[in-house]
Amino acid sequence: MTDTQHTAATPERWTVVVPAFNEARFIARTLDTLAAQSIGAPSIVVVDNASTDGTAEVVARFAAEHPGLDVRVVPEPRQGRLYALETGIAQVTTPYVALCDADTLYPVDYLARAGAGFDAHPDAAAVFALGVYRGSSPLRARFVRLKGAIAGRLLRNQGHTGGYGQCFHVGRLRAAGGYSVDLWPFMVADHEVVNRVRRHGRIVYSGNFWCLTSDRRKDRSRVDWSLGERLLYNFSPGFTKDWFFYRFLRPRFEKRTMYNINLRSRDWEGDPTP
């Protein structure tokens with residue numbers, strides 16, 4: 001594609017949404033990586049989800065120090081990542097949106113690779129990045145990326161990454177209902193949304209599209225599904241996914257109070273190193 005006006009790999013076609021709760025120690029580094037994108041800096045919307053540590057002030061200071069960037073802080077007093085995502089996505093007027101975590105570092109070609117994925121697959125609803133934990137050895141990082149790329153090819157209509165690495169065609173995301181507390185208030189919302197978005201376009205994965213994620217959480221018992229639930233998700237055919245989420249997983253999560261707001265419990269607080 002030679003006409004850059006019609007390619008996804010240009011900054012004016014992207015908005016980055018960063019939901020943030022008490023990320024004052026981490027978010028400036030994330031914003032640095034987003035502002036340094038090789039295609040040029042996109043619009044950045046940080047949704048301050050009732051932080052109490054000065055997160056909004058850190059972002060405002062970053063914006064003041066980078067007057068040429070479009071960086072906005074949008075408050076969302078309703079507690080929970082899903083509310084923050086709803087609010088952030090509602091702010092988007094560009095064709096594409098990257099949902100990014102406030103504690104994740106993004107390679108300089110992150111949006112270039114996302115845009116290339118959409119350009120190569122005009123029917124795509126989403127292009128997803130694989131997550132490599134910061135501090136992983138090169139061998140471990142290559143293994144994670146290879147495994148994710150193979151899983152994405154074999155099980156293409158499923159989620160194989162977290163909310164840190166999701167890039168969407170905005171119209172198709174909205175047609176699917178987007179992130180919604182009303183539709184799915186539980187954990188693994190980043191996987192449930194794929195079940196709806198996949199009906200509106202292809203889900204694209206590539207081993208060359210990745211980001212550096214944080215593994216801060218020590219106890220995942222209240223924020224993650226069980227091994228059996230994960231295996232059933234991975235190996236059940238696509239036509240059963242509605243049953244899996246809405247008939248099988250929902251009552252199990254309700255019984256275990258596996259709501260998305262559990263993410264606000266931060267068992268790493270007090271760790272002095274970001």
Undergrad: Taking the inter-plane angle between the rings of Tyr233 and Trp225 on a 0 to 90° scale, is it parallel (under 30°), tilted (30 to 60°) or perpendicular (over 60°)?
TA: tilted
Undergrad: Does any donor atom in the side chain of Gln166 or Tyr179 lie under 3.5 Å from an acceptor atom in the other side chain?
TA: yes
Undergrad: If we count only N and O atoms by modelled type, under 3.5 Å, do the side chains of Asp182 and Ser180 hold a donor and an acceptor together?
TA: no
Undergrad: Would you say that Arg264 contacts Asn49 through its side chain, given a criterion of any heavy-atom pair below 4.5 Å between the two side chains?
TA: yes
Undergrad: Does Asp123 have any salt bridge (charged side-chain N to carboxylate O under 4.0 Å, His left out) partners at least two apart in sequence or in another chain, and if so, which?
TA: Arg202
Undergrad: Could you check whether any side-chain N or O of Gln37 sits under 3.5 Å from a backbone N or O of Pro107, counting only pairs where one atom can act as donor and the other as acceptor?
TA: yes
Undergrad: Going by the rule ring-ring contact (aromatic ring centres under 6.0 Å, His included), which residues pair with Trp210 if we only count those two or more places apart in sequence or in a different chain?
TA: none
Undergrad: Return yes if a side-chain donor-acceptor contact under 3.5 Å exists between Ser265 and Asn262, otherwise no.
TA: no
Undergrad: List, one per line, each side-chain donor-acceptor pair under 3.5 Å for residues 56-73, sequence neighbours excluded.
TA:
unit_1	atom_1	unit_2	atom_2	d
His66	ND1	Phe62	O	2.8
Asp70	OD2	Ser43	OG	2.8

Undergrad: For residues 73-84, which residue pairs pass the salt bridge (Lys or Arg N to Asp or Glu O under 4.0 Å) check, not counting sequence neighbours?
TA: Glu76-Arg78, Arg81-Asp101
Undergrad: Taking atom types as modelled and ignoring hydrogens, do the side chains of Thr213 and Thr104 form a donor-acceptor contact shorter than 3.5 angstrom?
TA: no
Undergrad: Salt bridge (charged side-chain N to carboxylate O under 4.0 Å, His left out) with Arg153: which residues, sequence neighbours excluded?
TA: none
Undergrad: How about Thr7 and Asp119: does a side-chain donor come under 3.5 Å of a side-chain acceptor?
TA: yes
Undergrad: Mind checking salt bridge (charged side-chain N to carboxylate O under 4.0 Å, His left out) for Asp190 and listing every partner two or more places apart, or none if nothing turns up?
TA: none
